[in-house]
Each structure stands twice: as structure tokens, then as C-alpha cells.
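See below for the structure under consideration.
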Amino acid sequence: MLNQLSWKVGGQQGEGIDSTGEIFAVALNRLGYFLYGYRHFSSRIKGGHTNYKIRVTTEPVKAISDNLDILIAFDQETIDLNSGELRDGGILIADSKFNPQVNAENLQFFPVPITEIAQNLGTSLMKNMVAVGVTGAILGLPVDAFKEIVEEMFSKKGQQVVDKNMEAIQQGAEYIRNEAKGSLEDFILEKADGKKRLFMTGNEAVALGAIAAGVRFMPAYPITPATEVMEYLIKKLPELGGAVIQTEDEIAAATMAIGASYGGIRTMTSTSGPGLSLMQEAIGLAGITETPLVIVDVQRGGPSTGLPTKNEQSDYNAAINGAHGEIPKIVIAPNSVEDAFYDTAEAFNLAEKYQCPVIVLTDLALGMGKQTVEPLDNSRIEIDRGKFVGDQELPATEGMFKRYEFTEDGVSPRVIPGQKFGIHHVTGVEHAENGRPSEATTIRKKMMEKRLNKINNVTLNNSILKQAPHDEADLLVVGIGSTQGVITEAVGRLEKDGLKVNQAHVRLVYPFPANDMKELMGKVKKVVVVENNGTGQLANLIKLNSGMGEKVEKLLKYDGNPFLPSEIYNGVKGLM
């Protein structure tokens with residue numbers, strides 16, 4: 001029996017690959033297994049190779065595996081591209097419709113008439129259900145394990161459709177049982193604990209975090225891989241009295257969000273790298289007008305259109321330095337689906353407390369990948385609106401309200417338009433305390449210092465997530481974003497080799513927690529920074545802020561795919 005299993009289904013985009021993986025994964029999630037899923041897909045609506053890789057375990061897991069136990073292929077391209085991942089003794093299931101050709105040795109190969117079975121039941125569209133039945137039988141799962149999901153998916157189409165799909169699962173299971181004749185006993189999964197947990201993407205977690213934080217308005221423009229944030233809120237915000245507006249472009253989305261925030265509403269927008277580029281002038285406007293603005297950037301392969309559907313972590317420089325001039329800005333990077341929920345909620349507190357733009361950087365592997373998540377705790381979400389006084393009665397004053405008043409901490413009281421005794425100017429040019437444009441050198445200097453210094457004391461819970469058991473270590477492995485789980489797995493292997501390894505994961509990108517990083521770096525001989533880009537943006541940021549550059553090595557990957565544990569393990573060993 002297995003306590004963990006790696007499974008992949010592949011074919012042409014539009015063949016139901018995602019739904020096959022989703023049905024399989026949701027069924028196992030409801031049985032209490034832990035899962036980590038990653039979707040590989042082409043940047044087109046239909047056609048082009050796509051696959052869905054899922055790791056299933058009886059213990060928590062936060063990384064895809066190096067190899068495969070089972071591969072289900074709907075076409076020859078899937079075999080050609082993915083069969084090399086199969087371990088010795090692994091299982092390859094291929095649709096016999098296309099006369100599959102297999103050159104690999106030490107595999108258990110079973111051609112199955114997946115499409116034919118589906119067509120005999122009425123439509124080839126049900127071949128994904130046949131594939132699910134084949135998988136379930138291999139793992140020793142009963143057909144009824146999928147019944148609840150099938151009913152949820154098809155009950156609106158009538159009981160006959162539900163029954164046909166269940167029959168497709170049944171026939172797929174019966175075929176492989178007869179064909180394999182008992183040779184699959186080693187692939188039966190150990191029973192899970194049966195506990196109920198969430199199975200969700202980082203994009204869904206971001207959207208839920210925004211709702212929990214009180215967001216009720218979202219202007220956005222669709223862009224892969226961030227569109228799911230917008231789509232989720234389109235469904236949910238109207239139920240809460242809110243709204244989502246699809247704008248004509250990212251410039252409009254950012255400026256509309258600024259306008260709503262100026263009016264006192266908690267709002268956000270989401271985008272990816274090209275959209276963030278278009279928003280930079282608006283980000284500068286939010287900075288100089290000290291208007292809270294939350295932007296979620298789900299990073300993808302660049303530059304330009306680049307790799308719209310592939311993973312990368314290359315927007316850190318743009319997030320920190322993109323806007324012209326110098327403004328206060330906070331940049332955070334969640335490291336898991338669970339963190340994406342809590343960190344997104346906290347982003348709104350930071351934006352309002354410091355009255356500045358906050359950019360939440362995730363990446364495609366985190367945003368669109370699915371993970372098992374323990375039930376989220378809304379009681380952990382606290383609302384902190386900082387010096388917002390738009391819901392208060394202001395004292396009577398002569399003259400204009402000092403919206404940009406010089407204060408000890410650099411943060412001024414924030415009112416809303418039309419508030420009695422709150423009248424003030426708001427403009428994108430330099431201004432005095434009441435907002436009136438001013439080019440006086442003394443005011444310019446004080447306003448610059450007020451804005452820039454107010455974020456000096458920004459804190460985030462676990463600004464650097466540390467696993468540092470060694471006071472004197474051989475190595476510190478540093479990561480960011482979706483790399484945390486895969487680094488943890490690689491570090492475990494390095495420790496088994498006798499190395500003393502500490503691990504750190506950067507969550508507050510800017511202002512950078514330099515002292516925390518210095519402390520960690522001072523305890524080790526070498527630092528390896530793992531990131532999905534070509535220039536080592538995080539490594540350079542660490543050297544710029546914390547020094548000790550002679551200790552720092554870069555382990556980079558920028559081919560569009562996330563790291564595998566073996567790549568980090570072998571890469572680190574090669575740098576030692």
C-alpha cells in the first residue's frame with residue numbers, strides 16, 4: 001500500500017483534462033487525503049498540450065513530486081512529453097483510440113478504450129469519467145467515492161445524465177480490473193483520516209481574504225493567471241451588496257480603485273506583470289495622494305506577453321521600483337494558499353494604516369495551483385483602518401482641512417469627500433498640508449520625508465518565515481512565494497546527507513527586513529537563494545539590504561515550470 005502517490009492526466013486543451021483532475025482530486029480531498037495540484041496549460045482557448053499533476057498523501061504536502069506513479073494519456077503527445085517522469089514499475093494508461101507507442105521500459109502499460117467506452121454510453125465527452133473510473137480502481141477506491149461529486153456537477157441536467165456519468169466511471173473501473181488481473185495491489189492507497197479540509201487555489205484564497213477584510217468593490221481587467229480572483233468575486237460580491245466592474249484596461253482598473261478608496265471604500269484590483277506595468281503611473285498617484293491601494297499581482301513569465309500560462313517570479317523589481325519618483329510602498333509575498341488568505345486581508349490594514357499602495361505578489365504556481373488547506377479562521381482577521389475618520393464628526397475649523405498634516409508618525413487623518421469640515425484639495429502635484437499645490441522647497445522637503453519615513457516601522461507577522469534549528473549551519477536556503485514547500489522537502493534530503501541546513505522564506509519584500517536576514521546569514525557559511533527568474537532579483541535585494549554578498553549564491557529557474565524537490569537538492573549540492 002502507498003501513503004503517497006503522484007498522478008497525472010494529459011491531453012489536448014479542451015478535452016476535459018482539468019475536469020478529470022478536479023473530479024479525482026475533490027473525491028480524494030473529501031476522503032481526507034492531503035493534495036497538491038499543478039496545472040500545465042497552453043496560452044490558447046483550445047488545443048495544445050495540457051496536463052494536471054496531483055500529489056496525494058496521508059500527511060500534509062506543499063510541493064509536487066519529482067516523478068509519477070500513474071500517467072493517464074489521452075494522446076500520444078502526453079506520452080512523449082511526460083512518460084519520462086514515470087518511476088520504475090509505474091503505470092501508463094493510454095487511450096487505445098490513437099494506437100499509443102511506448103518506448104519506455106520497466107512500466108506497466110495498459111491501453112484502455114477510454115473514448116470508445118464513452119461513445120458507447122452516448123458521448124465522447126464522458127471519457128474523462130472513464131479515466132476517473134480507471135484511476136479509482138487502480139487505487140482501490142469504490143465507485144461510490146465519486147458519486148457525490150458527479151451529482152453536484154450534473155444534477156441540474158437530470159438524473160439520466162448523472163446515471164450515465166456514473167456508468168462511465170463504473171465501466172472504466174471494471175475494464176482496468178479485468179485487464180490488470182490483480183497486478184495493481186501495490187498501488188492501493190492507505191486510508192486517510194477522513195477529516196474535512198478545504199481544497200483551493202491561491203487565487204480563491206486571495207478573493208476570500210479580500211471579502212473577509214471588507215472589500216465590496218473590485219475594478220479589474222482579465223489577465224492570466226489573475227483572472228480567477230476577479231471571477232470568484234464576480235460571483236460573491238453581489239451577494240454581499242458589492243460589485244465587480246470589468247474595466248477597459250488596467251489603467252482604468254487602478255485609477256477606479258483609487259477613486260473608490262478615496263471615497264472610503266475598501267477596494268482592490270488584481271493583475272499580472274503586463275498589467276502592473278500599465279498601473280505604475282496610477283501607483284504613483286496613490287503614493288503622492290496617500291490613498292490606500294491594494295494590488296494583487298499573480299506573476300507569470302515575461303517580458304512583454306512572454307509566457308502567459310507559465311510560472312515565474314520576476315516582478316519584484318517592478319513592484320518595488322516601478323513607479324517614477326519616490327513614494328511609500330509596501331510589498332508582501334504569501335508563501336502558501338493559507339497565507340494568501342490571511343496576508344491579503346492584512347494588506348488592507350497595511351494600506352489604510354500607512355495610507356499607501358500595497359502590492360501582494362503571488363505567482364502562477366501559487367495562484368492557480370491547488371492545495372489542501374485546513375479550515376480558515378475568520379476570527380484571526382482584524383480590521384484596522386488606521387487614521388480613517390470618514391465615519392466621525394469632525395470639529396469645526398476655519399479654512400481647509402489638513403488632509404496631509406505633518407504628524408509625528410507621518411500618517412495624517414483621512415476623510416471622505418463631502419464630509420463636513422473635511423474640505424481639502426487632492427492633486428497629483430506636490431502640495432501643502434491642505435492639499436493646495438505648492439512648489440516651496442521647504443514644503444517639498446517635509447512632504448517627501450513625511451511620505452517616505454512613515455513606512456519605516458512596517459511589520460508583518462513572520463516577515464521572514466524561519467526554520468533555523470542550527471546556531472552554526474553549513475547552509476541557509478532562502479526562497480519566496482510558492483517555493484516554500486519544495487525547498488522544505490529538498491532541505492530534508494540535504495539534512496539526511498549530514499548537512500546542517502537552515503531555511504528562510506521572505507514574506508515582507510519591501511521595506512525589506514534587513515536585520516532579520518542579517519541575523520540568519522550570520523549563522524551560516526553559505527546562502528543559496530532559490531527563485532524563478534533569470535537575474536536573481538531576491539538574491540540581489542538581500543545583498544543590497546543585508547550585505548554579506550560573498551556568501552550568496554543563486555539557484556534560478558526560468559523555463560516556465562516551478563522547481564521540483566530534486567532540482568533544488570541537486571542544485572544546492574552543486575553549489576556547495
Side-chain angles (χ1 to χ4, degrees), residues 3-7 21-39 52-65 145 148-149 152 189-213 228-229 232-233 236 296 298 332-349 360 362-363 365-383 460-467 479-489 491-492 503 505 507 562 565:
N3 61 7
Q4 72 166 337
L5 174 121
S6 183
W7 174 94
E22 196 71 4
I23 295 164
F24 169 66
V26 171
L28 270 72
N29 175 71
R30 292 182 182 180
L31 291 171
Y33 291 97
F34 294 88
L35 300 106
Y36 188 101
Y38 180 75
R39 292 177 283 171
Y52 197 163
K53 187 175 184 179
I54 298 171
R55 190 176 187 181
V56 186
T57 75
T58 55
E59 300 290 337
V61 62
K62 289 188 177 181
I64 54 176
S65 60
E148 183 180 29
I149 305 161
E152 289 174 6
L189 273 175
E190 290 183 8
K191 285 189 177 181
D193 60 18
K195 290 184 179 179
K196 300 298 182 184
R197 300 179 182 90
L198 301 170
F199 180 56
M200 61 194 304
T201 67
N203 284 338
E204 290 169 337
V206 163
L208 278 174
I211 290 172
E228 290 174 337
V229 178
Y232 190 93
L233 290 175
K236 299 299 180 182
V296 175
V298 188
I332 63 177
N335 62 284
S336 67
V337 169
E338 183 179 12
D339 270 5
F341 171 76
Y342 295 111
D343 285 0
T344 300
E346 181 61 18
F348 294 93
N349 290 340
V360 182
T362 70
D363 51 57
L366 175 55
M368 299 192 74
K370 271 199 164 181
Q371 299 177 22
T372 296
V373 180
E374 296 293 343
L376 300 170
D377 184 3
N378 274 324
S379 68
R380 285 177 53 184
I381 306 299
E382 297 181 0
I383 306 297
L460 182 70
N461 185 34
N462 291 322
S463 295
I464 297 179
L465 190 63
K466 309 165 191 174
Q467 296 176 10
I480 197 164
S482 62
T483 61
Q484 192 226 348
V486 69
I487 290 175
T488 299
E489 193 162 321
V491 166
Q503 181 180 345
H505 219 70
R507 299 180 65 251

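Along the sequence shown, the residues carry numbers beginning at 1. What you see is a predicted model; the values in this text were computed from it and never measured.
Evaluated for a side-chain contact (heavy atoms from CB on, under 4.5 Å) with Glu204, the options Lys370, Met368, Glu228 yield exactly one hit, Lys370. Here the rule is side-chain contact (heavy atoms from CB on, under 4.5 Å) with His505, and of Ile464, Asp339, Thr483 only Thr483 fits it.
Heavy-atom minimum distance, Gly485 versus Ala63: C-CB, 3.9 Å. Taking every heavy atom of both residues into account, Thr372 and Phe199 meet most closely at N-CD1, 4.0 Å. In terms of heavy atoms, Lys53 sits closest to Ser65 at NZ-O, 2.8 Å. Shown here for Ile23 and Ile149, the closest heavy-atom pair between the two residues is O-CD1, 3.7 Å. For Thr344 against Gly209, the heavy-atom pair with the smallest separation is CG2-C, 4.2 Å. Considering every non-hydrogen atom in both Ala145 and Ala27, the closest pair reads O-CB, 3.9 Å.
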Trace of the side-chain contact (heavy atoms from CB on, under 4.5 Å) decision for Asn3 with Glu59: CA-CA 8 Å; Asn3 61 7; Glu59 300 290 337; over 6 Å; no
side-chain hydrogen bond (donor to acceptor under 3.5 Å, both in side chains) between Ser336 and Gln484, intermediate numbers included: CA-CA 8 Å; Ser336 67; Gln484 192 226 348; 5.3 Å; no
Audit row: Ile487, Gln467, side-chain contact (heavy atoms from CB on, under 4.5 Å) steps and yes/no: CA-CA 11 Å; Ile487 290 175; Gln467 296 176 10; over 6 Å; no
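Annotation: the span from Asp193 atom CG to Thr58 atom OG1 amounts to 8.5 Å, rounded to 0.5 Å. Remark: Thr57 OG1 to Tyr33 OH distance equals 10.0 Å, nearest 0.5 Å. Between atom CZ of residue Arg507 and atom CG of residue Asn335 there is a gap of 5.5 Å, rounded to the nearest 0.5 Å. For the atom pair Tyr342 OH and Leu208 CG, the distance stands at 11.0 Å (nearest 0.5 Å). Between the CZ atom in Phe34 and the CD atom in Glu374 there is a gap of 5.5 Å [rounded to 0.5 Å]. Once rounded to the nearest 0.5 Å, the distance linking CG of Leu366 with NZ of Lys62 reads 10.5 Å.
Within the 4.5 Å cutoff, the side chain of Pro562 has heavy atoms near those of the Ile64 side chain. Under the 4.5 Å side-chain criterion, counting only non-hydrogen atoms from C-beta, Val206 is not in contact with Tyr232. Proximity of Leu376 to Met200: side-chain heavy atoms (C-beta onward) are separated by under 4.5 Å at one or more points. In this structure, Phe341 and Val337 have side chains that are not in contact, with every pair of non-hydrogen atoms separated by 4.5 Å or more.
Panel note: side chain Asn29, backbone Leu35; no donor-acceptor pair is recorded below 3.5 Å. Side-chain atoms of Asp343 do not come within 3.5 Å of backbone N or O of Ala333 as any donor-acceptor pair. At least one donor-acceptor pair under 3.5 Å links the side chain of Asn203 to the backbone N or O of Gly367.
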